[in-house]
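Counting convention: from 1, in listed order, for ligands and their atoms alike. In this text the structure is predicted, and so the values were computed from the model without any measurement.
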Amino acid sequence: MAKHPSRRRPSPETAADPPAGSVVPPMPAAPLGAALPTLPLALPAPGSPPGPPREVAPAPVIPKPAPLPAAELAALERTADLDAEAETAARRGQPTPIAAGAPAAAPVASDLFLRPGIPSMSVVMLAGELAPVAKIGGLADVVAGLSRELEIRGHHVEILLPKYDCLRWHHIQGLTPSYHDLWVPWYGGAIHTTVYYGSVQGRRCFFLEPHSADRFFDRGKVYGDHDDVLRFAFFCRAALEFLFKTGRHPEIIHCHDWQTALAPVLLYEIYQPLGMHHSRVCFTIHNFKHQGLCGDGVLRATGLNRPAHFFAGDRLGGGAPGALNLMKGGIVYSNFVNTVSPTYAGEAKDHGGAFGLERTLQAHAGKYGGILNGLDYEVFNPERDEHIPAHYSAATIARKYDNKRALRQRLLLADNAKPIVAYIGRLDAQKGLDLVRHAIFYCINHGAQFVLLGSGAEPGIDRHFRHLKQEINENPDSHLEIGFDETLAPLIYAGADLLIVPSRFEPCGLTQLIAMRYGTIPVVRAVGGLADTVFDKDYSDRPLHERNGYVFHHDDIRGLESALSRAIACYYQYPDHFRQLMLNAMRCDYSWNVPGQHYLNVYDFIRDK
Ligand code: ADP
């Protein structure tokens, strides 16, 4: 028995076997999205720091555009409005808008979201990804889920995306050209661009298709080409040109990640002087690792020109000599900047986690915060998921085991009493792949089965896991699947017992949230959003009913094993505890309900009053 009771709860690792001299550092207290600091209501006045001074940019050279196809656009807008109204009405149990004259249903709880304090807003999302049409990772889910939440609350949302040749077309309804002749200024000339309208799961989307020899979005992939910076710089310029030419002056332009970080720069430097005074920009950083570093070519291409102006250390310069940083531009020029969990916001600003942008974040701390991502509980729903054979809820959790059987059948795993441990995610160093690899062998040797679904962009890593797969898949207790599979992922979430997320750093992480929604227990490293969402069964100081997983701190094999071994032991030795943990996980609310309100608070704060 300890002689002196310690005020600090032991971490799982130290409890198992205290490493000499090691202390788990406390996680930084990070700002909450709810507690918003005082923000500038508009971009700073001319000449005032920290934002760049206002200057009238030379009018871009734009060939005379074809007349606005007003009738066509209006018709499409009406259709889009009806799509959204129908979905909103369905959510409220009301008749769809076209069923005119039908009696209105009594107001239900969701009406409370239409808070009189925040009148309806017009929001345009600019992003490189949208689920399910262009999904690489969590960004796609976030853009789709947040947009839907905003619409349910009565706000008007449009999403602008590149028209990639690899879009999952079957998820787009009514794809039609809506603006034939958009001329996008580019290198002193202009690129003829067609804008298509289409509805994606009820969301209004515009897809931008340039007609030029560059074939910017005809690459068979979303990211990963040598000219990604130019491809997305073009997207930003085209998006703003489209908003400008069609007279759309949304109150909020919500930009996501470096791919759209040039939009606030273009808005401030070019389009505000042309009359777009109304729009305010919220910039969400989903990962500081990818920042869009480039040379001055992007300035000439987009018409920003003036390298001396933009290379300044308080604008896009100040890093490596001759390099511009697009993400830095997004931070400097936006009205509000956030990342996707409170802990990651603190890690980035104060603990060296911003890949060189720490000082920029500190300089702009007054307009910076962390808002935890939500999950679209309609899309990720074990009661209705079309990709799983047995639907279930917390009340019928035993049916989850039918999915476990189905998963084993699909992956040719042995049908035995072992728990299934899973990993789903990109095969990126960020995700702690050496620990993932270790977990595979640990599970096989410690009475568990292991399933991995991973998609890799880096050829070396991809090759490594394909090689491992050949070695491992012979074993009836393990299966590795390399690639992106939107039908297998839900079956794994539903069929596995445990899901590991041993990330080096993790801005938010959605896989642990999805796992919990499906009653699968996360085993995570306490970083970023993982620390904000998973609370250890044995060591958390949260009330028992809020504990929902296993957590480790040390970024090493011992840390991982300390959590994984407890999870596997609990599965075998205390099945009733394990069952309770599953119920706790399923009963968490990581929907868009709370974060949706946080974003609305931000929008309302920065919008033109
Ligand atoms: P990140 O954004 O860093 O990739 P997140 O955890 O935030 O990681 O989001 C990952 C999203 O992508 C989740 O919806 C997850 O289910 C999905 N996903 C990741 N890899 C795959 C894959 N190989 N096949 C299917 N879905 C995947």
Side-chain angles (χ1 to χ4, degrees), residues 127-146 168 221-224 256-259 284-290 339-341 343-344 353 371-382 385 387-388 407 410-411 422-433 436 451-458 461-462 465-466 469 479-496 499-518 520 522-525 527-534 590 592 595:
E129 295 181 41
L130 173 71
V133 284
K135 174 165 165 172
I136 303 297
L139 166 63
D141 295 320
V142 170
V143 176
L146 175 60
R168 297 189 184 110
K221 56 185 168 189
V222 171
Y223 310 128
H256 298 267
D257 270 349
W258 75 262
Q259 293 86 357
T284 299
I285 295 170
H286 297 256
N287 195 326
F288 277 98
K289 187 176 173 189
H290 310 285
T339 185
V340 289
S341 70
T343 293
Y344 188 59
I371 301 177
L372 194 67
N373 280 338
L375 260 196
D376 187 332
Y377 271 26
E378 288 301 304
V379 171
F380 299 102
N381 184 353
D385 193 320
H387 301 299
I388 63 175
L407 178 62
R410 177 154 169 186
L411 302 183
Y423 171 83
I424 299 178
R426 289 181 298 116
L427 296 177
D428 185 293
Q430 170 200 333
K431 301 289 179 182
L433 295 181
V436 172
V451 169
L452 175 144
L453 173 60
S455 40
E458 216 181 285
I461 297 180
D462 197 75
F465 274 88
R466 284 183 193 282
K469 172 187 162 121
H479 186 97
L480 273 54
E481 196 65 41
I482 313 299
F484 192 92
D485 190 331
E486 59 184 329
T487 65
L488 179 57
L491 185 59
I492 297 177
Y493 286 120
L499 178 115
I500 59 160
V501 197
S503 302
R504 295 260 120 80
F505 69 93
E506 192 58 74
C508 176
L510 293 185
T511 62
Q512 85 280 12
L513 303 184
I514 305 170
M516 288 192 273
R517 177 85 169 130
Y518 285 75
T520 298
V523 179
V524 308
R525 178 153 178 264
V527 284
L530 300 169
D532 291 334
T533 53
V534 182
Y590 289 118
W592 275 104

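The aromatic rings of Tyr344 and Phe288 lie tilted to each other, with the angle between the two planes from 30° to 60°.
Atom 23 (N) of ligand 1 has as its closest protein heavy atom Gly483 O, 2.8 Å. Among all non-hydrogen protein atoms, the one lying nearest atom 10 (C) of ligand 1 is Gly138 N, 3.6 Å. For atom 25 (C) of ligand 1, the closest non-hydrogen atom of the protein is Asp485 O, 3.4 Å. Protein heavy atom at the shortest distance from atom 12 (O) of ligand 1 is Lys135 CE, 3.6 Å.
The CG atom of Leu453 lies 8.0 Å from the CZ atom of Phe484; values are rounded to the nearest 0.5 Å. Leu375 CG to Thr533 OG1: the interatomic distance, rounded to the nearest 0.5 Å, is 10.0 Å. The distance from the CG atom of Leu452 to the CD1 atom of Ile500 is 8.0 Å, given to the nearest 0.5 Å. Atom CZ in Arg168 sits 10.5 Å away from atom CG in Leu130 (nearest 0.5 Å). Here the CG atom belonging to Leu513 is positioned 8.5 Å from the CG atom belonging to Leu530, to the nearest 0.5 angstrom.
Ligand-side atoms of ligand 1 in range of Arg426: 1 (P), 3 (O), 4 (O), 20 (N), range being under 4.0 angstrom from any heavy atom. Residue-ligand proximity, Lys431 to ligand 1, at heavy-atom distances under 4.0 Å covers atoms 1 (P), 3 (O), 8 (O). Atoms of ligand 1 found under 4.0 Å from any heavy atom of Thr511 (numbered from 1 in listed order, with element): 6 (O), 15 (C).
Residue contacts with ligand 1, taken as heavy atom pairs separated by less than 4.0 Å, do not involve His286 at all. Here Ile514 has side-chain heavy atoms under 4.0 Å from ligand 1, and that is the only part of it that gets that close.
Across Phe484, Tyr493, Phe505, heavy-atom proximity to atom 26 (N) of ligand 1 is greatest for Phe484. Nearest residue to atom 7 (O) of ligand 1 from Asp141, Val379, Leu510, Leu452 is Leu510 (criterion: closest heavy atom).
Within the cation-pi definition used here (under 6.0 Å to the ring centroid, within 45° of the axis), Arg517 does not qualify as a partner of Tyr493.
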For Asp385 and Tyr518: C-alpha separation, side-chain torsions, deciding distance, then whether side-chain hydrogen bond (donor to acceptor under 3.5 Å, both in side chains) applies.
CA-CA 10 Å; Asp385 193 320; Tyr518 285 75; 2.5 Å; yes
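Residue contacts with ligand 1: Glu486 is placed with no nitrogen or oxygen under 3.5 Å of a nitrogen or oxygen of the ligand (distance criterion only).
Ligand 1 is approached by Gly509 to a heavy-atom distance shorter than 4.0 Å. By the 4.0 Å heavy-atom criterion, Gln512 is excluded from the residues contacting ligand 1. Distances shorter than 4.0 angstrom do not occur between any heavy atom of Ala131 and any atom of ligand 1.
By the 4.5 Å heavy-atom criterion applied to side chains, Ile461 and Asp428 are not counted as neighbours.
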